[in-house]
Amino acid sequence: LQLLFRPNTKVLFMESPSSLTFELHDFAALASEAHKKGAAVIADNTYGPLRFRPLQHGANVSINAGTKYISGHSDAMIGLIACDRGSYRRIKRQVAALGCPAS
């Protein structure tokens with residue numbers, strides 16, 4: 001991972017378990033390395049919401065495609081965001097600016 005980070009790297013985006021293959025990686029170790037480099041960590045937790053809590057393993061933001069796993073693929077269009085305190089205001093502003101809160 002150290003070799004892949006560049007001076008302009010701002011975010012490490014991870015998915016655990018990974019889509020289709022359900023591969024697992026050492027999330028906490030990768031998140032720790034990203035934070036040492038000054039990068040935020042975003043986790044796609046679509047397939048793990050009942051089993052994995054990315055914020056407890058170093059993620060700053062966790063996203064979930066509620067359409068896929070939670071609602072069963074077709075009867076709702078929704079995404080979920082969970083974040084740490086340091087990311088909250090920035091995400092809240094973006095959600096308000098995009099006009100995309102669930103109703």
Side-chain angles (χ1 to χ4, degrees):
L1 184 64
Q2 292 176 3
L3 298 174
L4 298 174
F5 267 80
R6 297 182 179 150
N8 63 343
T9 301
K10 305 267 188 243
V11 173
L12 174 62
F13 187 88
M14 294 192 279
E15 182 180 33
S16 186
S18 299
S19 294
L20 306 177
T21 61
F22 294 97
E23 294 172 284
L24 300 173
H25 39 268
D26 190 341
F27 194 98
L30 293 170
S32 176
E33 287 300 314
H35 290 303
K36 286 178 189 174
K37 300 283 187 184
V41 177
I42 299 175
D44 179 341
N45 197 36
T46 296
Y47 288 102
L50 300 176
R51 305 269 186 239
F52 183 63
R53 297 177 183 232
L55 298 179
Q56 293 178 359
H57 297 276
N60 301 98
V61 178
S62 176
I63 60 173
N64 186 300
T67 302
K68 290 181 184 175
Y69 187 73
I70 294 173
S71 72
H73 295 275
S74 65
D75 52 346
M77 294 291 290
I78 192 163
L80 310 168
I81 302 171
C83 62
D84 62 13
R85 290 182 188 267
S87 304
Y88 175 75
R89 292 209 185 277
R90 187 173 183 183
I91 289 173
K92 185 176 179 180
R93 280 193 304 268
Q94 288 301 314
V95 169
L98 293 171
C100 56
S103 59

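This structure is a prediction, so every number in the text was calculated from the model and none was measured.
- Within a 6.0 Å sphere centred on OH of Tyr88, other residues, nucleotides and ligands contribute 12 heavy atoms or fewer.
- Both Val41 and Leu30 are assigned to one and the same hydrophobic cluster, defined by single-linkage of ILVMFWY side chains at heavy-atom distances under 4.5 Å.
- For the pair Ser62 (side chain) and Leu55 (backbone), a donor-acceptor distance under 3.5 Å is absent.
- For the residue pair Ala59 and Asp84, the shortest heavy atom distance occurs at O-OD2, 4.4 Å.
- To the nearest 0.5 angstrom, Glu33 atom CD is 11.5 Å from Leu4 atom CG.
- Rounding to the nearest 0.5 Å gives a distance of 11.0 Å between NZ of Lys92 and SG of Cys83.
- Transitive grouping of hydrophobic side chains (ILVMFWY, heavy atoms separated by less than 4.5 Å) brings Val11 and Ile81 into a common cluster.
- Nearest heavy atom pair, residue Phe27 against residue Ala43, reads CZ-CB, 3.7 Å.
- Cluster membership for Met14 and Leu24, using ILVMFWY side-chain heavy atoms within less than 4.5 angstrom, is not shared.
- Connection of Ile91 to Ile63 is established within a shared hydrophobic cluster, with ILVMFWY side chains joined at heavy-atom distances below 4.5 Å, either directly or through further cluster members.
- Identified under the salt bridge (charged side-chain N to carboxylate O under 4.0 Å, His left out) test for residues 39-60, with sequence neighbours left out: none.
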| said: Checking Asn64 against Asn45 for the side chain to side chain donor-acceptor pair (under 3.5 Å) test, could you report, in this order, the C-alpha distance in whole Å, the side-chain angles of both residues, the deciding distance, and whether it holds? | reply: CA-CA 5 Å; Asn64 186 300; Asn45 197 36; over 6 Å; no

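- Arg85 is linked by a side chain to side chain contact (heavy atoms under 4.5 Å, CB included) to nothing, counting only residues two or more places apart in sequence or in another chain.
- For Gln56, there are no side chain to side chain donor-acceptor pair (under 3.5 Å) partners two or more places apart in sequence or in a different chain.
- One finds the NZ atom of Lys37 at 13.0 Å from the CZ atom of Arg6 (value rounded to the nearest 0.5 Å).
- Relative ring orientation between Phe52 and His57 is described as parallel, the plane-to-plane angle staying below 30° on a 0-90° scale split at 30° and 60°.
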